[in-house]
Protein chains: 2
Amino acid sequence: MHILIVEDELGIVQFLQQGLQEEGYLVTTANDGSKGFELVQNHQYDLILLDWMLPKINGLDLCKAIRIKDQHTPIIFLTAKDTVQETVAGLKAGANDYIKKPFSFEELVERIKVHFRHKKEDKELTLGTIKIDLSKHIVLKNEEEVTLTQREFELLTYLIQNKGKVCTRNQILKDVWDINFEYDTGVIDVFMNAIRKKLNLKIEEDYIKTIRGIGYIANDL
Amino acid sequence: MHILIVEDELGIVQFLQQGLQEEGYLVTTANDGSKGFELVQNHQYDLILLDWMLPKINGLDLCKAIRIKDQHTPIIFLTAKDTVQETVAGLKAGANDYIKKPFSFEELVERIKVHFRHKKEDKELTLGTIKIDLSKHIVLKNEEEVTLTQREFELLTYLIQNKGKVCTRNQILKDVWDINFEYDTGVIDVFMNAIRKKLNLKIEEDYIKTIRGIGYIANDL
DNA sequence: TGTTAACTTAATGTTCCCTTAAGATTACGC
DNA sequence: GCGTAATCTTAAGGGAACATTAAGTTAACA
């Protein structure tokens, strides 16, 4: 997650940058409005922290300018301007949140996280060149869609969710087929075969390995 | 836009309800946590305003409970609990914003609008050559008007609003029919059929795809 | 209150997927 | 290398889910 900080007070910039990097974010900084505008024009950020009083272009105008081209990147004001009128103006300009200085770093981090919650959500499972998009219910191999049946889809999803762990036949029967007693007619084999065929998995790129006498395991190579 | 207020202080409830209705919102209120929970379980709201200190179930627990089933409806805390720790706890529980009492109504409205910005954006819903104009309540295919019944309209709108995401039969029953228990007589199929027929959608040009065993998905091609 | 449109249920037709089983192939122990 | 057991592969039957149509029920409106 890449955060852009547009702020001119060096102390605050350093404080924010260090703190956010420790939180695991990639941070870029701009120390005036026009620099910030330039960066936004040419790069994609996941979130923008914006001071109001800035050299060259003030934060409010910058916010409006950003919103002309980009309606989606979350913008959070971080400013000493603390009146209701200013807050409202900031939000009207297109900001998603408005935090008044002095602020608690902990709260800032939490308010940032609010905007990242949904990004994490759309879980995309991957296994080598295979991608599963759960919300779209599709499987891609090398960016090409592969149509699987419901069971095939569930089985593949299960294996990838348990990537790196051996899945025994009994576990698979229990979790994918909801069969809780010892009973195997060879269904699993049939579906494994179908999956391997449809995904065109050759033995040398065996993302899905057979563990004889036990079950199967999915693995990135 | 339908807002749910969960708050026990009558004065505040009335103040909020009246103010928000004047802003053009549809407002429902609950005066304790369990009532609020019940409403959320059985209805769809566009935003929830939540007090912290509530009879029966407190706001924090209610927030967490809502988030188990529903990760998307914006939740805004509106509470006298004003420490950083409490703010962080509220946000961590799944809230999208946290406003401390006493608050400015003007700011509240603006912060609410933040969450509705994107909804307004897609007032004109489209799916391939299909267009829905919500304000006029009409559907166009290739610029030609197609007359749908109410349910057909709602179902199509729902699918297009969730374009690119799989809608399960249960979700559809819940959100379009407001049926919250396992119960399917085949109504959905009948309406899907009607929609496909009226919009002249062949299965091979699958703007609306059937996902066997799951539900349906709308997709631009 | 009668008529009509819309919604729901029920019945039938159709498609496609899951399962089974049986033969072919591979892995492993001796 | 040979035999055995596990796995792979294939194809067909049966069944579940969906599509479609029609009939029954409700709701709306004149």
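Each chain gets a letter, A, B and so on, in the order its sequence line appears, and its residues count up from 1.
- At least one donor-acceptor pair under 3.5 Å links the side chain of B:Gln71 to the backbone N or O of B:Ile68.
- At its two ends the helix from C:dT1-D:dA30 to C:dC30-D:dG1 runs along axes set 40° apart, each axis drawn from five pairs and the angle rounded to 10°.
- Salt bridge A:Asp133/B:Lys165: absent, no basic N to carboxylate O contact under 4.0 Å.
- Computed from coordinates, the A:Ile188 CD1 to D:dC8 P distance equals 11 Å when rounded to whole Å.
- Identified under the ring pair (Phe, Tyr, Trp, His ring centres under 6.0 Å) test for residues 44-65 of chain B, with sequence neighbours left out: B:His2-B:Tyr45, B:Trp52-B:Phe77.
- Rounded to an integer number of Å, the gap from CG of B:Asn193 to P of D:dT20 is 5 Å.
- Formation of a donor-acceptor pair under 3.5 Å by the A:Glu152 side chain with backbone atoms of A:Thr149 is found in this model.
- Against DNA chain C, the stretch residues 144-156 of chain A makes heavy-atom approaches under 4.0 Å through A:Thr149, A:Gln150, A:Arg151.
- The nearest whole Å value for the distance from the OH atom in A:Tyr216 to the P atom in D:dT7 is 6 Å.
- Here the side chain of B:Asp220 pairs a donor or acceptor atom with the backbone of B:Gly128 at under 3.5 angstrom.
- Within the 3.5 Å criterion, the main-chain N or O of B:Gln14 finds no donor-acceptor partner in the side chain of B:Gln18.
- Contact annotation: A:Thr210 side-chain N/O to D:dA6 OP1/OP2 distance is not under 4.0 Å.
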What are the atom names and distances for every N/O pair under 3.5 Å that joins the protein to nucleotides 15-17 of chain D?
| residue | atom | partner | partner atom | Å |
| --- | --- | --- | --- | --- |
| D:dA16 | N3 | B:Arg212 | NH2 | 3.2 |

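- An OP1 or OP2 oxygen of D:dA19 is reached within less than 4.0 angstrom by no side-chain nitrogen or oxygen of B:Lys197.
- Residue A:Val139 forms a side chain to side chain contact (heavy atoms under 4.5 Å, CB included) with just one option from A:Thr157, A:Thr147, A:Leu148, and that option is A:Leu148.
- In this structure, B:Leu20 and B:Val27 approach most closely via the heavy-atom pair CB-CG2, 3.8 Å.
- Rounded to whole angstrom, the span from the CD1 atom of A:Ile217 across to the P atom of D:dT7 amounts to 15 Å.
- On the nucleic acid side, DNA chain C contacts chain A at distances under 4.0 Å to non-hydrogen atoms, with the end points of that region at C:dC17 to C:dC28.
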Using a 4.0 Å heavy-atom cut-off, write out nucleotides 22-29 of chain D from 5' to 3' as B (base contacted by protein), S (sugar-phosphate only) or - (no contact). --------
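- For B:Lys198, the NZ atom is densely surrounded, since the number of other residues' heavy atoms within 6.0 Å is greater than 12.
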